[in-house]
Amino acid sequence: MTIAALSVETTTLPRVKRKKRYRATLEASGGVAPYSWKRTKRSLPKGLKLKTSGVIRGKAKARASKKFRVRVTDSIGTRTTAWIRIRVR
């Protein structure tokens, strides 16, 4: 059985409205699900958190345009990283 290479499919997230509830899910493909997510470089806008499930949620407190790096790990330990952009208006 051949397993496709693990990759992060999400590169840009939907815009966030400041002080409004936000929820978005990071997407990956390949590897062997389930996946576990972690932010490795730079931060998310204040008020937003990344869960290990790949869900970003919360209420952003201020306008911002950020780029942060995530690492996704599949169930057999394969890892890859990607930069993702998020904007708060």
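For clarity, every value in this text was computed on a predicted model and none was experimentally measured. Scope of the values below: all heavy atoms of this structure, side chains included, with no hydrogens, waters or symmetry mates. We're numbering straight along the sequence, starting at 1.
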Visitor: Might you work through the side-chain contact (heavy atoms from CB on, under 4.5 Å) test for Ile56 and Leu44, ending with a clear yes or no?
Guide: CA-CA 9 Å; Ile56 295 174; Leu44 286 163; 4.3 Å; yes

Visitor: Starting from the C-alpha separation in whole Å, work towards a yes-or-no answer on side-chain contact (heavy atoms from CB on, under 4.5 Å) for Tyr35 and Leu6.
Guide: CA-CA 10 Å; Tyr35 306 118; Leu6 179 63; 3.5 Å; yes

Visitor: Just by modelled atom types, is the Val32 backbone N or O under 3.5 Å from a matching donor or acceptor in the Asp74 side chain?
Guide: yes

Visitor: Using atom types as modelled and distance alone, determine if a side-chain donor or acceptor of Tyr22 lies under 3.5 Å from a backbone N or O of Arg15.
Guide: no

Visitor: When you compare the side chain of Val8 with that of Thr80, does any pair of heavy atoms fall below 4.5 Å?
Guide: yes

Visitor: Is it true that, when you exclude Arg69 itself, more than 12 heavy atoms of the residues, nucleotides or ligands shown sit nearer than 6.0 Å to its CZ?
Guide: yes

Visitor: I'd like to check Pro45 versus Ile86 (side-chain heavy atoms, cut-off strictly below 4.5 Å). Are they in contact?
Guide: yes

Visitor: Would you say the side chains of Arg85 and Thr12 form a donor-acceptor pair under 3.5 Å?
Guide: no

Visitor: Hey, what do you get for CZ (Arg39) to NZ (Lys49), rounding to the nearest 0.5 Å?
Guide: 8.5 Å

Visitor: With side-chain contact (heavy atoms from CB on, under 4.5 Å) as the test, would you mind laying out the steps for Thr40 and Phe68 before giving the verdict?
Guide: CA-CA 8 Å; Thr40 61; Phe68 61 99; over 6 Å; no

Visitor: With a 4.5 Å limit on heavy-atom distance, are the side chains of Lys51 and Arg57 in contact?
Guide: yes

Visitor: Would you say that Leu26 contacts Leu13 through its side chain, given a criterion of any heavy-atom pair below 4.5 Å between the two side chains?
Guide: yes

Visitor: Measure the shortest side-chain to side-chain distance between Thr52 and Trp37 over non-hydrogen atoms and say whether it is less than 4.5 angstrom.
Guide: no

Visitor: Let me confirm one number: the CZ-NZ distance from Arg79 to Lys38, rounded to the nearest 0.5 Å.
Guide: 8.0 Å

Visitor: Is the shortest side-chain heavy-atom distance between Arg89 and Lys17 below 4.5 Å?
Guide: yes

Visitor: When you compare the side chains of Ser7 and Ser29, does any donor N or O come within less than 3.5 Å of an acceptor on the partner?
Guide: yes

Visitor: So, does Thr25 use its side chain to make a donor-acceptor pair with the main chain of Gly54 at under 3.5 Å?
Guide: no

Visitor: Before you tell me yes or no, could you show the steps for Val72 and Thr78 under side-chain contact (heavy atoms from CB on, under 4.5 Å), namely the whole-Å CA-CA distance, both residues' side-chain angles and the distance that decides it to 0.1 Å?
Guide: CA-CA 8 Å; Val72 62; Thr78 305; over 6 Å; no

Visitor: Tell me the closest heavy-atom pair linking Ala33 and Ser75, and the distance in Å.
Guide: O-OG, 3.4 Å

Visitor: For residues Leu48 and Ala60, report the shortest heavy-atom separation together with the two atoms involved.
Guide: CD2-N, 4.0 Å

Visitor: Can you tell me how far the CH2 atom of Trp83 sits from the CZ atom of Arg42, to the nearest 0.5 Å?
Guide: 4.5 Å

Visitor: State the NZ-CD1 distance between Lys66 and Ile84, to the nearest 0.5 angstrom.
Guide: 14.5 Å

